[in-house]
Each structure stands twice: as structure tokens, then as C-alpha cells.
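Predicted, not measured: the structure shown is a model, and the values here were computed from it. The first residue in the sequence is number 1, and the count goes up from there.
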Amino acid sequence: MANGVTAPITGARTPGQLEGNLGALEVDLTASQLARLDEAGRIELGFPHDMLASDHIRRATTGDLRIETGR
């Protein structure tokens with residue numbers, strides 16, 4: 001999972017809806033639950049994404065250059 005900033009926007013029209021939305025902040029998911037969600041939400045990007053992500057194409061286009069992400 002990439003590091004980044006998540007900034008959800010709530011669409012509450014009433015104080016009750018806002019309270020319900022903010023209540024989601026109290027939910028803590030286990031690593032197992034997160035893994036199940038990741039698996040359930042995984043999609044296959046298909047061509048050309050799979051081809052472009054292949055090791056062969058990366059070596060051909062970047063000369064095997066590696067750029068570190070995240071600090």
C-alpha cells in the first residue's frame with residue numbers, strides 16, 4: 001500500500017448524518033480484515049497496464065533504474 005494522504009469529504013446534510021459519518025472514525029480494522037478488503041477490492045487492470053508493469057518493459061524503458069519511494 002502506498003503512503004499518502006486520505007481526505008474523505010462527508011456529504012452530511014444534518015447533524016445526525018455528520019455524527020454517523022464521524023462515528024466511522026472509531027472503527028478499527030484488524031490486519032486480517034484489511035487483507036480481506038484488499039482482496040475483495042482488487043481489480044485486474046489488464047492490457048496495457050500489466051505489460052507496462054512487467055520487469056522486461058521496466059528494464060527496457062528505465063535501464064533497470066530504481067527510484068526509492070516513501071521515506
Side-chain angles (χ1 to χ4, degrees):
M1 184 171 161
N3 292 331
V5 175
T6 301
I9 300 172
T10 62
R13 292 180 318 196
T14 66
Q17 288 177 342
L18 180 59
E19 286 179 26
N21 289 340
L22 293 176
L25 295 172
E26 302 300 320
V27 176
D28 288 320
L29 299 174
T30 65
S32 173
Q33 290 168 324
L34 290 172
R36 286 184 65 199
L37 286 170
D38 286 344
E39 181 64 29
R42 180 171 292 135
I43 60 170
E44 297 293 329
L45 295 177
F47 182 83
H49 304 283
D50 292 339
M51 179 196 71
L52 294 173
S54 71
D55 289 337
H56 170 74
I57 297 298
R58 287 185 187 270
R59 281 192 302 276
T61 58
T62 64
D64 209 18
L65 175 68
R66 300 280 182 216
I67 299 174
E68 287 186 36
T69 59
R71 291 184 185 188

Fill in: SB check Glu39 Arg42 (cutoff 4.0 Å)
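Salt bridge between Glu39 and Arg42, a charged N being under 4.0 Å from a carboxylate O: yes.
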Discussion item. Tell me every residue that passes salt bridge (Lys or Arg N to Asp or Glu O under 4.0 Å) with Glu26, counting only those two or more places apart in sequence or in another chain.
Written reply: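 If we apply the salt bridge (Lys or Arg N to Asp or Glu O under 4.0 Å) test to Glu26, skipping adjacent residues, there are no hits.
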Worksheet item: Side-chain heavy atoms under 4.5 angstrom apart, residues restricted to Ile, Leu, Val, Met, Phe, Trp, Tyr: same cluster for Leu37 and Val27?
Response: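 Yes, because Leu37 and Val27 connect within a single hydrophobic cluster, where side-chain heavy atoms sit under 4.5 Å apart.
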Discussion item. Connecting only ILVMFWY residues whose side-chain heavy atoms lie within less than 4.5 Å of each other, what is the rest of Ile57's hydrophobic cluster?
Written reply: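 Same cluster as Ile57: Phe47, Met51, Leu52.
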Item to complete: Heavy atoms only: give me the nearest Leu29-Gln33 pair and the separation to one decimal.
Response: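 The answer is CA-OE1, 3.3 Å.
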Discussion item. Restricting to non-hydrogen atoms, name the atom on Leu18 and the atom on Ala12 that form the minimum distance, rounded to 0.1 Å.
Written reply: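 In this case the closest contact between Leu18 and Ala12 is N-CB, 3.5 Å.
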